[in-house]
Amino acid sequence: MSIWLLKTEPAECGIEDIRNAEGGVMRWDGIRNFQARNMLRDRVAVGDLCLIYHSGVREPAIVGSADVVRAAYADPAQFDPASEYYDERSRPEDPRWFCVDIRFRERFPHPLPLAEIKRTAALAAMVLLRQGRLSVQPVSEAEWRSIRGLCGVRRG
DNA sequence: GCCAACGTTGGC
DNA sequence: GCCAACGTTGGC
């Protein structure tokens with residue numbers, strides 16, 4: 001079992017959108033970065049845990065978690081000319097981009113702002129602080145535990 | 001709105 | 001294969 005941090009702009013798809021999706025299940029699509037794509041395609045597995053991070057807002061923060069309920073499959077948006085994620089170079093027999101399905105797990109009692117992550121020693125090694133732009137990134141179990149504690153989660 | 005970081009593209 | 005130009009992300 002692995003743990004991931006998934007970045008999203010809440011104006012487009014926030015933690016509440018995941019919660020409110022049918023069955024709490026949301027397709028995590030639109031990833032158009034090769035490094036993130038490779039992790040989605042090769043590493044993200046059913047049962048993995050995900051931290052949901054809100055970016056592009058006044059106070060960027062980790063706000064909740066989800067789990068992976070379907071492993072990588074071809075992102076349908078790459079074949080849809082009407083989609084902003086359309087990619088004319090993609091072929092159905094050789095897709096360039098992948099997506100996974102995640103399911104809402106919890107919204108944390110309080111968010112963990114980026115500013116607080118930066119001043120937390122236990123989180124100093126987080127990929128988020130070194131590769132700020134990577135939208136799918138690995139999280140260690142120790143980081144997961146620290147983050148949940150800081151977010152006011154009692155146990156688990 | 002600015003700008004730094006960094007990924008991608010394309011000329012050579 | 002290098003690297004400059006360009007585009008995008010995302011914090012501030």
Side-chain angles (χ1 to χ4, degrees), chain A residues 2-21 26-45 48-66 68 71-102 104-140 142-144 146-153:
Chain A
S2 303
I3 307 167
W4 308 96
L5 182 144
L6 305 179
K7 294 166 67 172
T8 184
E9 296 192 19
E12 196 177 332
C13 174
I15 187 82
E16 291 306 317
D17 296 306
I18 302 170
R19 189 210 295 268
N20 295 330
M26 171 73 69
R27 173 181 291 159
W28 206 257
D29 58 3
I31 300 292
R32 294 294 180 270
N33 165 284
F34 290 110
Q35 211 181 334
R37 189 277 311 266
N38 292 348
M39 269 186 288
L40 267 192
R41 186 189 58 193
D42 305 334
R43 308 273 311 281
V44 177
D48 283 0
L49 295 166
C50 306
L51 292 167
I52 304 300
Y53 176 89
H54 283 175
S55 67
V57 288
R58 188 182 52 78
E59 186 175 70
I62 294 170
V63 295
S65 74
V68 177
Y73 58 101
D75 182 346
Q78 70 195 303
F79 305 121
D80 176 6
S83 170
E84 61 174 314
Y85 298 117
Y86 177 64
D87 187 339
E88 60 179 8
R89 293 165 293 186
S90 291
R91 295 281 166 275
E93 65 276 14
D94 184 24
R96 285 165 58 86
W97 308 111
F98 292 81
C99 57
V100 298
D101 290 352
I102 63 171
F104 177 83
R105 222 169 150 261
E106 64 197 327
R107 179 163 194 155
F108 294 143
H110 33 90
L112 179 61
L114 178 60
E116 193 176 342
I117 295 173
K118 286 180 176 174
R119 57 180 133 79
T120 301
L123 302 179
M126 280 194 76
V127 175
L128 186 65
L129 302 183
R130 288 181 288 115
Q131 267 180 284
R133 295 178 51 186
L134 187 58
S135 57
V136 177
Q137 45 183 266
V139 174
S140 75
E143 289 163 350
W144 166 264
S146 296
I147 289 164
R148 291 171 65 81
L150 291 164
C151 287
V153 179

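Chain naming here is simple, since letters A, B, ... match the order of the sequence lines and numbering starts at 1 in each. Since we're looking at a predicted model, the values are computed, not measured.
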With no hydrogens and no angle check, is any side-chain donor or acceptor of [X] less than 3.5 Å from a backbone partner on [Y]?
X	Y	result
A:Q78	A:R96	yes
A:D75	A:G30	yes
A:R32	A:Y85	yes
A:E143	A:S140	yes

In whole angstrom, what separates [X]'s [atom1] from [N]'s [atom2]?
X	N	atom1	atom2	answer
A:R58	C:dG11	CZ	P	13 Å
A:E84	C:dT8	CD	P	12 Å
A:E88	B:dT9	CD	P	11 Å
A:D87	B:dT8	CG	P	12 Å
A:L129	C:dC12	CG	P	10 Å

Just to be sure I understand the geometry, which residues of residues 113-121 of chain A put a non-hydrogen atom under 4.0 Å away from DNA chain C?
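Close to the strand are A:L114, A:K118.
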Contacts table for residues 38-45 of chain A: side-chain donor-acceptor under 3.5 angstrom, sequence neighbours left out:
unit_1: A:N38; atom_1: OD1; unit_2: A:R41; atom_2: NH2; d: 3.4
unit_1: A:N38; atom_1: ND2; unit_2: A:F34; atom_2: O; d: 3.4

Among residues 29-43 of chain A, which residues get a heavy atom nearer than 4.0 Å to DNA chain B?
A:N33, A:F34
Could you tell me which residues satisfy salt bridge (charged side-chain N to carboxylate O under 4.0 Å, His left out) with A:R89, sequence neighbours excluded, listed by chain and number?
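A:D87.
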What nucleic acid atoms does A:R96 come within less than 4.0 Å of, heavy atoms only: base, sugar-phosphate, or nothing?
nothing
As a test of understanding, state which of A:I147, A:L150, A:I62 forms a side chain to side chain contact (heavy atoms under 4.5 Å, CB included) with A:I117.
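In the set A:I147, A:L150, A:I62, the residue that makes a side chain to side chain contact (heavy atoms under 4.5 Å, CB included) with A:I117 is A:I62.
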Give each protein N/O atom lying under 3.5 Å from an N/O atom of nucleotides 5-7 of chain C, with the pair distance.
none

Just distance, no hydrogens or angles: give the donor-acceptor pairs under 3.5 Å from side chains in residues 50-59 of chain A, sequence neighbours left out.
unit_1: A:H54; atom_1: NE2; unit_2: A:I15; atom_2: N; d: 3.1

